[in-house]
Amino acid sequence: STAVGSWAKVLKNAVTITKINIYKQSTPPPGSGGAQIAFKEKFMDYCLFDLDGTLTDPYEGITNSIKYGLAKFGICENDTRKLKSFIGPPLYRSFMDNYSFTQEQAAQAVGYYREYFAQKGIFKNRVYDGIENMVYRLKQRDFRLLVATSKPQVFAERIIKHFNLWQYFDFIAGATLDDSRIEKVDVISYALKSCNIAPYNAIMVGDRKHDIIGAKQNGLNSVGVLYGYGGEEELKSAGADYIAATPSDVAEILINLKS
């Protein structure tokens, strides 16, 4: 439709757009009489945002915390590529994938990481340019905004408050410190259930494949962002429904889906 497709012009050929039928993954809500126009009016009231690599750039704080954790095992790591790969996925998985740690070693490494991060790394972070304007625009269009992050929820809440973004978000969903909820699919599910949100009424925005896959496993469409740590190939391969180059592009995509 013209409404769904018009935002493509905003990207000025910076990215490739995947247009979707916004009705494809869900059925109209009860009481709508099956009419698609009624469904569309209720579509996309909620936006779930990843935190690291989507709202904020945590590179310094996370990589210094990783180095601290690895040093406890006698590992001195200066490979930027390896260190960047930790931003997004659950930490224990990254320690196992990158250093062949056992589950027990990975759990210890995560503990060391959190020891440093909670005291020194948490605010070595910055809000991406354009984020506050993006969330302000979305709130002006009556979106309800949530954070869904694999970062422990207690840390995510401190970061959102520290950077004065708390006023824009209705709910913060994150991982638990006891590791009972760490995978992105479970964090998204927790957010939806906690706020009583139907999948047809929400969309996930993130920079890594875990955001896109977790969204699909919960029945949500997704927007992959290119200014974070995943990259276009990773996001497309994971099945992102839309690709956005900047926070402003994210706002245009979501506003046009809602209109």
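The figures here come from the full heavy-atom set of this structure, side chains too, leaving out hydrogens, waters and symmetry mates.
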Inset, instruction - Check the surroundings of atom NZ in K67: do more than 12 heavy atoms from other residues, nucleotides or ligands lie under 6.0 Å from it? - result: yes

Legend entry - Salt bridge present between E183 and R93 (N-O < 4.0 angstrom): yes

Inset, instruction - Might you work through the side-chain contact (heavy atoms from CB on, under 4.5 Å) test for D97 and F86, ending with a clear yes or no? - result: CA-CA 10 Å; D97 289 347; F86 277 83; over 6 Å; no

Inset, instruction - Check the hydrophobic clustering (I, L, V, M, F, W, Y; side-chain heavy atoms under 4.5 Å; chains of links allowed) and say if V187 and I172 are grouped together. - result: no

Legend entry - D186 side chain to S189 side chain, donor-acceptor N/O pair below 3.5 angstrom: no

Inset, instruction - Taking the six-membered ring for Trp and the single ring otherwise, decide whether the centroids of F73 and Y99 are under 6.0 Å apart. - result: no

Legend entry - Side chain proximity check, Q153 to R181, heavy atoms < 4.5 angstrom: yes

Inset, instruction - Sort and list the pairs that fulfil ring-ring contact (aromatic ring centres under 6.0 Å, His included) and have at least one residue in residues 44-69, not counting sequence neighbours. - result: Y68-Y116

Inset, instruction - Look at the side chain of D241 and the backbone N and O of S222, then say whether any donor-acceptor pair between them is shorter than 3.5 Å. - result: yes

Legend entry - ILVMFWY network linking Y112 to I75, side-chain heavy atoms under 4.5 angstrom: yes

Inset, instruction - Would you check, one step at a time, whether the test side-chain contact (heavy atoms from CB on, under 4.5 Å) holds for R208 with D50? - result: CA-CA 9 Å; R208 298 301 306 272; D50 175 47; 5.6 Å; no

Legend entry - S237 (side chain) donor-acceptor with E234 (main chain) under 3.5 angstrom: no

Inset, instruction - To the nearest 0.5 angstrom, please state how far the CD1 atom of I62 sits from the CG atom of D57. - result: 9.0 Å

Inset, instruction - Using a 4.5 Å cut-off on heavy atoms from C-beta on, say whether the side chain of L55 contacts that of F169. - result: yes

Legend entry - Flag side-chain contact, heavy atom, 4.5 Å: K184 against I213: no

Legend entry - Within 6.0 angstrom of E104 CD, more than 12 heavy atoms from elsewhere: no

Inset, instruction - List the atom of R114, the atom of D179, and the distance in Å for their closest heavy-atom pair. - result: NH2-OD1, 3.5 Å

Inset, instruction - Kindly check if the number of other-residue, nucleotide or ligand heavy atoms within 6.0 Å of NZ (K84) is above 12? - result: no

Inset, instruction - Report yes if the side chains of I197 and L146 come closer than 4.5 Å at any heavy-atom pair, otherwise no. - result: yes

Legend entry - CZ-OG1 distance between F123 and T56, expressed to the nearest 0.5 angstrom: 11.0 Å

Legend entry - Linked, directly or transitively: Y229 and V223 (ILVMFWY side chains, under 4.5 Å): yes

Inset, instruction - State, to 0.1 Å, how close A251 and R137 come at their nearest heavy-atom pair, and which atoms those are. - result: CB-NH1, 3.6 Å

Legend entry - Smallest separation among heavy atoms of G61 and S65, with atom names: O-OG, 2.7 Å

Legend entry - Where A215 and N221 come nearest, the two heavy atoms and their spacing: CB-O, 4.2 Å

Legend entry - Gap separating the OH atom of Y227 from the CG atom of D249, nearest 0.5 angstrom: 9.5 Å

Legend entry - I66 and F95, any side-chain heavy atoms less than 4.5 Å apart: yes

Inset, instruction - Group every Ile, Leu, Val, Met, Phe, Trp and Tyr by side-chain heavy-atom contacts under 4.5 Å, then state whether V185 and V147 land in the same group. - result: no

Legend entry - All side chain to side chain contact (heavy atoms under 4.5 Å, CB included) counterparts of D178, not counting sequence neighbours: T176, S180

Legend entry - Close side-chain approach of I131 to F163, heavy-atom, < 4.5 Å: no

Inset, instruction - State, yes or no, whether a side-chain contact exists between T246 and M134 at a heavy-atom distance under 4.5 Å. - result: no

Inset, instruction - Grab the two heavy atoms, one from V135 and one from E132, that are nearest each other, plus how far apart they are. - result: CG2-O, 3.3 Å

Legend entry - Heavy atoms from other residues, nucleotides or ligands near CD of Q140 exceed 12 (cutoff 6.0 Å): yes

Inset, instruction - Determine whether D170 and C195 make a side-chain contact, defined as any pair of heavy atoms from C-beta on separated by less than 4.5 Å. - result: no

Legend entry - Spacing of CD1 belonging to I122 relative to CZ belonging to F155, to within rounding of 0.5 Å: 6.0 Å

Inset, instruction - Spell out, yes or no, whether W166 and Y128 are grouped together once hydrophobic residues are joined by side-chain heavy atoms under 4.5 Å, including indirect joins. - result: yes

Legend entry - R141 CZ to L138 CG distance, which is reported to the nearest 0.5 Å: 9.5 Å

Legend entry - Minimum heavy-atom distance Q105-S100, with the two atoms named: OE1-O, 4.3 Å

Legend entry - Whether N133 side chain and G130 backbone form a donor-acceptor pair below 3.5 Å: no

Legend entry - From T54 atom OG1 to I87 atom CD1, the distance as rounded to the nearest 0.5 Å: 11.0 Å

